[in-house]
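Just so we're clear, the structure is a prediction, and the values are computed from it rather than from any experiment.
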Amino acid sequence: MEKPQLKIRKLPPCRAACPAHVNVQAYVSLIQRGKFREAVEIIRKDLPFPAICGRVCFSPCEDACARVNVDQSVAIRGLKRLVADIEREQGRVKGEPVPKKYSEKVAIIGAGPAGLTAAYELAKMGYPVTVFERMPEPGGMMRYGIPNFRLEKFVVANEIAYIQDIGVEIKTGVEFGKDITLEGLREEGYKAFFIAIGAQLGMKLNVPGEDLEGVISAVDFLRALATGKPLRVGERVAVIGGGNTAMDAARTAKKLGAKEVIVLYRRSREEMPAHPHEVELAEKDGVKFYFLVAPKRIIGENGKVKAIECIRMRLSEPDESGRRRPVPISFSEHQYEVDMVIPAIGQVVETSALPQELLNKDKGGMLIKYDPQTLETRIPGVFVGGDLATGPASIIEAVGAGKRAAISIHLYLRGRDPKEGLDETIEEVTWVKDWNMVNKKARRYDAPIEKPHLSLEEAMEYLMQLKKKARFEAFRCLGCGPCAECLAGVELCEGDKAVVDEVKCVGCNVCAVICPVGAIKKNDRGVAQVNEDLCKGCGLCAARCPENAIAMRKLSAEAIMAMISTALER
Amino acid sequence: MEMEAEPPKIVCFMCNWVFCGEELQVPYNFNVFRVPCIGRMDPVLILETFANGADGVMLVGCKPADCHFVDGNLHAERAVKMLKKLLNLAGLGHGRLKIILFSPLEDGNFDKYAKEFSEEIWVLGSSPLKNAELAPKITANLAAAKNAASAFRLRVLLGREEELTELENAYGERISEKDYDALLDDIVNAEFVRYKIHYLTRDKPLSVRQLAEMLGLKPSIVLRHITNMRRKGMISMYRVEGNTPLYKALEVH
Amino acid sequence: MSAHEKREFEPKIVGFLCNWCSYAGADLAGVSRIQYPPNIRVIRVMCSGRIDPVFILEAFKNGADGVLVSGCHLPSDCHYLSGNFKALRRVTLLRRVIKEFGIEPERLRLEWISASEGDKFAAVVRDMVEQIKKLGPSPLKMKEGEE
Amino acid sequence: MADGKVGAVLVVGGGVAGIQASLDLADSGFKVYLLDEAPSIGGVMAQLDKTFPTNDCSMCILAPKLVAAGRHSNITLITNAEVMAVDGEPGNFEVKILKRSRYINEEKCNGCGLCAQKCPVEAIDTYNKGLTDRSAIYVEFPQAVPLRFKIDREKCIGCRTCQEVCKANAVEYDQKDTEVVLNVGSIILAPGFEPFDARLKSEYGYGRYQNVVTSMEFERILNASGPYGGVVLRPSDGEIPRKIAFVQCVGSRDAQVGNIYCSAACCMYGIKEAIIAKEHVPTKLDCTMFYMDIRAYGKEFDAYYKRAQEEYSIRFVRSRVARITEDPSTGNLLVHYVGEDETPRVEEFDMVVLSTGMKPPKNFEKLAKVFGIKINKYGFCETDPFTPLETSKPGIYVCGAFNSPKDIPESVAQASGAAAKAMAVIASGRGKLVAAKEYPPEIDVTSEEPRIGVFICHCGINIGGFVNVPEVVEYAKSLPNVVYAEGNLYTCSDDTQKRIREKIQEFRLNRVVVASCTPRTHEPLFRETLREAGLNPYLFEMANIRDQCSWVHMHQPKEATEKAKDLVRSVVAKARLLTPLKNPTVNVTPVALIIGGGVSGMTAALELAAQGFEVHLVEKEKELGGHLRKIYYTLEGIDPQKFLNNLVKSVMENDRIHVYLGAEVTEVSGFVGNFKSKILHEGKEKLVEHGVVIVAVGATEYQPKEYLYGQDPRVLTQHELEEKLAKGEFNAKRIVMIQCVGARNEERPNCSRICCGQAVKNALKIKDVNPEAEVYVLYKDIRTYGFMEEYYREASEKGVLFINYTDACKPKVSNENGVLKVSFWEPVLKQEVEIEPDLVILSAATIPNPDNKHVAEMLKVPLTKEGFFLEAHMKLRPVDFQTDGVFLCGMAHSPKFIDECIAQACAAAARAATILSKKYLEMEGIVANVDEDLCSGCRICESLCPYGAIEMTEKAGKVVAHVIEALCKGCGVCGTACPTKAIVLGHFTTEEILAQVRAVLKEMIAE
């Protein structure tokens, strides 16, 4: 049997980097034209959370953006937030319910980003989908893990409402393993399941004194805040850990009135997993950072936290994650006087609710036994994804998992092998062949728009500025991707390609020099060859070819002349 | 003096990206053609537009850093610079061609610019092609200019101008803008004259002196061009009349 | 070219060129990219003195519309001292002979072309093609065609 | 290299002299490095249109030499280079060379020329003397050797176009100058000359008036491949001039500009240019030459001068032009001069050609320093009259115009002479540095069916861009007997050669056809490839689908493809009939026979002996020395007798030289390498075997019949006067010398060359002996060419009166009652003057040796009308005869001075050495063959063969023709004329050509 050929999808770096493969280039290009609403539509094709991701995504797209080679990456997240906010402001169009094409019901356990995305994708395909959520509100970590100043609850609600609009049913307050079980659901006629309950438990420090009053894990702390439970914040708070959750917890504590909030992190600043911007903002809020320190024990007094004893660390060789491993320095113990300790060193899955077959019996292996590519488990029809499977990760990764799950479930329900959906590799392409050429682009916008990690008020104000600046910002996009990426509906550009007359071509290479996207290269016969994947049809080559050997397929010289002569005859 | 009743015919080539698809307000004598990038405008096409009777041609491209194709707009500027030289040589004058790099976000309404150019062309009057007396000469000149603009060496230099003047040449040197301009000037001139000679001698064999008179050049310069044209197979000595050799154009592709 | 336009008669010319001057001249025409009609097919011989009347007659017999014989300039350019004189004598004589066969003597041409006369070679070919076009196809060929 | 002599020679300067020296050396088994500052070899001669006095096309006769030098396996061309330092001693020099970057990889460049066509930058074409432009990447001229392009770094803008279009990837912008160190045994300097900068003669307006051009520019204007396509045009307006003035001595014989010497060649090239101009101008053209003396002193030069006057009606005006002005309205030029009647005149011309003189090479000071040689006061290389080819530094030799201004044949003679000198020093190193190539044994294919392989070249896009090569390849496959066909990017590239060899094996090919460029340049390469593959090299044929197809039908790709198919078909048809040919070889007897024991014969003998060859030297007289015995002092004041005595002594003492005095050669038979001759010596006939013959029979002095010579004892010849002066028997007070006695007349139209120098020499001697003596020299033209001009000046300054006479008004000598009277027309006084001299000295002509006719018949070599020996080619083969193995030197060739005789003698020795140094000679395989059964013995072929290569022999009682393969040059004239078709010329058989004719027309009929 012949090996099926892999489909190669050529994507610009931003889209390739995005776990959800959001068509960045397309919506940025729509923003260039001021078509904000159309831009949101484009985003929604791949991502149900434009506004949420516009706020809190760690934006791998920006990290991948080729524009960094010129100055700074395009503020993709900012633009996304902008268009989503504009849409909401102007009144979001109600999502049209998608007619049900299939009868197989799908149950999604957990209304976090992974579950909701899977529901959204499946609903779009035409499946009846029900999402079961333990908490009173859907949204998972988006709703309960991220403080309001970073992600407003109404934003989350709005985007989830859209998912509901298109026909996803969400049942909240239903706890898996308790209120419902797989068997029960099967009996109810559900044919496939996606378990995405996330990692809800804060990881323990495993030091003495962890059960003292005043020790609360960051997830619990943040969830309590989100559910409106009364919270007592200490005067002096120590947050343990260097991730985004730690930052959220520290800032929340500060905002809730703590006099002093310190963050203790066992590595150095460089190794912090938190977004640098978040760290900056935390510092701005007055949070103090102590690096290379690890808690040894929590000292209590009267059952309450009094201080935390730490030991200093030094960094040795990098471990398998590439980060340098911290090693304790003997006799460097010291104490911090605190009355509250918030461990934020990670989350773990609450395994109690899960069917036991899913759990991995071998220690040290994955928690859950599943195929990380198709998300299948050993139970037919049951798929897992999100933090539950991978351990705590980001929203966008969860979205990616949700999309993946939807495809696998669809294939499964259609009696096909979920592996089929893997016959695709993504190749990152960018036309930028010579950064020197691009560097010459004058920098008209001294400072690209700032990342919108501002206070709520600031952000609102910023939004107004952003509208003006957004189009400029969008113009900074180099449009790395193949021209099919651009769905802006520009007739002249779309699909036009340069064609080389090989007999006429002498190989002078002027075309390759002038081609802005590096789509022309000489072949081994010394004749120019157009890479149609890259050619954007600008026609510069045709306008300069010294041998008149290049023509544009659509907008040929003859076509231009025909237009002109008819126009002038009039 | 009688006022011309006909408004000037203006052809405007506009980058597709400049207006982001918005509707434009332009004077009624403007014929706007959208192109994917203003750099698409082959110099020959612009000359062809004049040959088709346009009184003025305007190119509208994106602001320098906005070009969707890095610097197609700057390539267009270079082409215009060269075309202005050719238009001067051809007797149309450089004022009939204009390029603006424009941003609707920064520069406001295009209308203003369109009207301004229209006014400029009103002042210049209609294309000399429409003047029965001048027409044959201008037609010949435009034909020569078109051929010059499609000449290999001119296009190579135009195509590589950016590379050679802003990056570096094969020897790792950068050619100054001024030197390059001078070189380009020479070549534009030479190619125009040679193709003019070629055009003129296509139907009728002519002598160096006759050509010199027609071109307003010194006979020695014309002869030099003819030696180079012979070298390139553009012309040959047809016959000798008295002591005067007459030259006739050879077919070139 | 429009379809109804009559296809023009394209004469076939065989050229016998001596290696040292005329063949070199024809090469120079190439090096100088002097264009001429593609009607000639050249056969190289070492010396124009080698060109046997039989070759020329054979060419006409096989349908050539014209034959060009070319050698070094008289008197002293011949690489072999005097081969060109021999060619001169033979061609002059042969002209008379072919007339007997009904072939116009103009179809047989003798030219002296030196290694530096690429221009001249091209001009001779051009001229010959033009002239033979006026004469029309070789009468020998016509006869054969009628048979 | 047992004695440490390096068998290699460095030749500096790639002009015709350097090329000739290199070829002679290389042919004699030495390794040669031929270095030139220019990117290609050829020098000035490559720029000339025609050459005097035969009006041969310069390029036509030079190009084969260029190709020979370029292809010679013993010659390495080092172009674009300069010598930086020289160290060591004769036999072993170390030379440091700076090889300047051409920015082109010479190994990769195949000269296709696409780069130049596409180069956007134009530069002034220096080869065409600035009259037109070329591209910034260029070869100097289409026939350049090596045909490797070069980037003009000054003009190149580095746009990369050439690099991009070069399919051979030969452009290397980062190429650096490199230093090369060579080990050589001797060095020859042939750097040539620099034309005088006519701007310095500002009164002639060069550089200001467009229609004033220099002679070199005019050469290009005349040339068919020049800027004006060979039609003379005025640079100012492109009109064909009606009247051209040639102004002589521009920068020569001119103290004002510091060059008092005569440039020796300008009179002749001036006349030539005037003649050629008239030939090239379709309309009526008047040519006027302004001259001081017409110095047509060389062989047959005066006859040429006479033709210029009589046949071409060129007007000669004896006057130095004062100045030239321009009529700005017309561009015409007004030549201001003083007429022969001493009145100032102004004459209008359309165009003026300045015959500019020769200056030493620009870098002569550096040359002197680097090579450690002495330079004379003019900047030319200093030499001694008796060692004219030796510089002041042993082991370094000089030839050509750097020695003194001279024309081409003299440069060529000197070049061969210098080669002899350079060889002699390192004779023991001969053959040491050149390796003979080994070939596999030849496969016998005669009984096989033809299996033809066809290789079709794209030549980058030179062919492939216009001819559909894949289509032609497919077509070739369909032809009968073609078993294999393929297309190549470059069929001439090294890897393709390898491929061809592989395919020959793989497909058992026994014929190979290449369709690419011209066989003139590439056939030898492919033949070599066949040999390497074990095939006979003549089983190869080429179709020229580039130079004669793709390049000339660039706008008709369809027709060009059809034509290419026709040509391939035609050549394949020929290839089917090809048969292997053997390169005939003849053994060489390494012995020379030299006829004549004068200074030339002796010098040649010594040179050959020095190289280790045996010599038979035959002298008619009882003692050696010939003409030189009558010379007592030279113009430079040196006593030649001492030199002569030494020379005779060396000859007599040399073991390798057998001297036969009072002897005569009575019979010569055989041919090159294998002569047998009879020498009649002391009454006995001696049979000698030898490989070459050198004719050095000298000349004799004319015995005047005019001017009372022999009737009045006071009338003497110059020789007689010289003897008197030398012996102190001279005491006259008033002397009249009459020039051109017996020369430049109806009977002997040519000049005797040496008499003017002799007259000046003797006049100076008289003034030396008696400063009060009155000396009158009656002359037609004073021909003290080259540096001799200085003595002419000195004589004038010392009061010797030079009075011009014309043929119409010759001086009269009478004896009136014992009083010797000379009367003549004095042109300045404009009256007849009569003086009563004590002595009348006649400058008697030098006339051919009366034996010449006999010698010529014996050797089957030709004589000139006057009776001197006629060399193979006046320009490029001055010491060769058309008959191989027979050479010529000294006054037997034409009158000449001692130094010139010595140079020629050395040259003859060098040429002879190219044969003697070989064990056997290998000839070109394309020779005539006689079918003895068919031969009727009619002798037509014998009479037609220009080389005497056909002799009649008796075979089986029948007289049949027999081809001496060693002499046959393969022109095929015999075969064409043979009434019974008994003679067949290999590789161009009648069947082969007829097959070609039929095939080329075959499908053409079908249409």
Legend entry - D:Glu992, part contacting chain C, at a heavy-atom distance under 4.5 Å: neither
Inset, instruction - With a 4.5 Å cut-off on heavy-atom pairs, point out which of C:Val31, C:Asn19, C:Asp52, C:Asp27 contacts chain D the most. - result: C:Asp27
Legend entry - Which portion of C:Ile40 sits near chain D, non-hydrogen atoms under 4.5 angstrom: both
Inset, instruction - Sort D:Ser550 into side chain, backbone, both or neither according to what part of it lies under 4.5 angstrom from a heavy atom of chain C. - result: neither
Inset, instruction - Below 4.5 Å from any heavy atom of chain D, which atoms of C:Phe16 appear? Answer side chain, backbone, both or neither. - result: side chain
Legend entry - Partner chain C: residue of D:Val571, D:Thr990, D:Leu985 with the largest heavy-atom pair count (under 4.5 Å): D:Thr990
Inset, instruction - Determine whether more than 12 heavy atoms belonging to other residues, nucleotides or ligands lie under 6.0 Å from atom NZ of D:Lys981. - result: yes
Inset, instruction - Flag the pair D:Glu541 and D:Lys574 as a salt bridge only when some basic side-chain nitrogen lies within less than 4.0 angstrom of an acidic carboxylate oxygen. - result: yes
Inset, instruction - Would you mind checking which part of C:Asp119 comes under 4.5 Å of any heavy atom in chain D, side chain (CB onward), backbone (N, CA, C, O), both or neither? - result: side chain
Inset, instruction - Give me the ring orientation class for D:Tyr304 and D:Phe52: parallel if the planes are under 30° apart, tilted from 30 to 60°, perpendicular past 60°. - result: tilted
Inset, instruction - Could you have a look at C:Ala115, C:Ser82, C:Ala24, C:Ala29 and say which one has the most heavy-atom pairs with chain D under 4.5 angstrom? - result: C:Ala24
Inset, instruction - Any chance you could measure D:Cys549, atom SG, to D:Glu559, atom CD, to the nearest 0.5 Å? - result: 10.5 Å
Legend entry - No-hydrogen, no-angle side-chain donor-acceptor test under 3.5 Å, D:Lys565 and D:Thr561: no
Legend entry - Residue among D:Ser58, D:Gly226, D:Ala977, D:Pro519 with most heavy-atom pairs under 4.5 Å to chain C: D:Pro519
Inset, instruction - For the residue pair D:Glu219 and D:Asn223, confirm or rule out a side-chain donor-acceptor distance under 3.5 Å. - result: no
Inset, instruction - Find the one option among D:His987, D:Lys969, D:His873 whose heavy-atom pairs under 4.5 Å with chain C are most numerous. - result: D:Lys969
Legend entry - Distance-only side-chain donor-acceptor flag, D:Arg546 / D:Asn462, under 3.5 Å: no
Legend entry - Largest heavy-atom contact set with chain D, pairs under 4.5 Å, which of C:Ser114, C:Gly49, C:Gly118, C:Pro38: C:Pro38
Legend entry - C:Phe55 side, atom CZ; C:Phe60 side, atom CZ - distance, nearest 0.5 Å: 15.0 Å
Inset, instruction - Before accepting this row, confirm whether a basic side-chain N of the pair C:Glu10/C:Lys133 lies closer than 4.0 Å to the acidic partner's carboxylate O. - result: yes
Legend entry - NZ/NE/NH1/NH2 to OD/OE distance under 4.0 Å, C:Lys12 and C:Asp65: no
Legend entry - Part of C:Leu28 lying under 4.5 Å from any heavy atom of chain D: side chain
Inset, instruction - Tell me, for C:Arg44 versus chain D, whether the close heavy atoms (under 4.5 Å) come from the side chain, the backbone, both or neither. - result: both
Legend entry - D:Gln556, part contacting chain C, at a heavy-atom distance under 4.5 Å: side chain
Inset, instruction - Identify which part of D:Cys517 has an atom lying under 4.5 Å from any heavy atom of chain C, answering side chain, backbone, both or neither. - result: neither
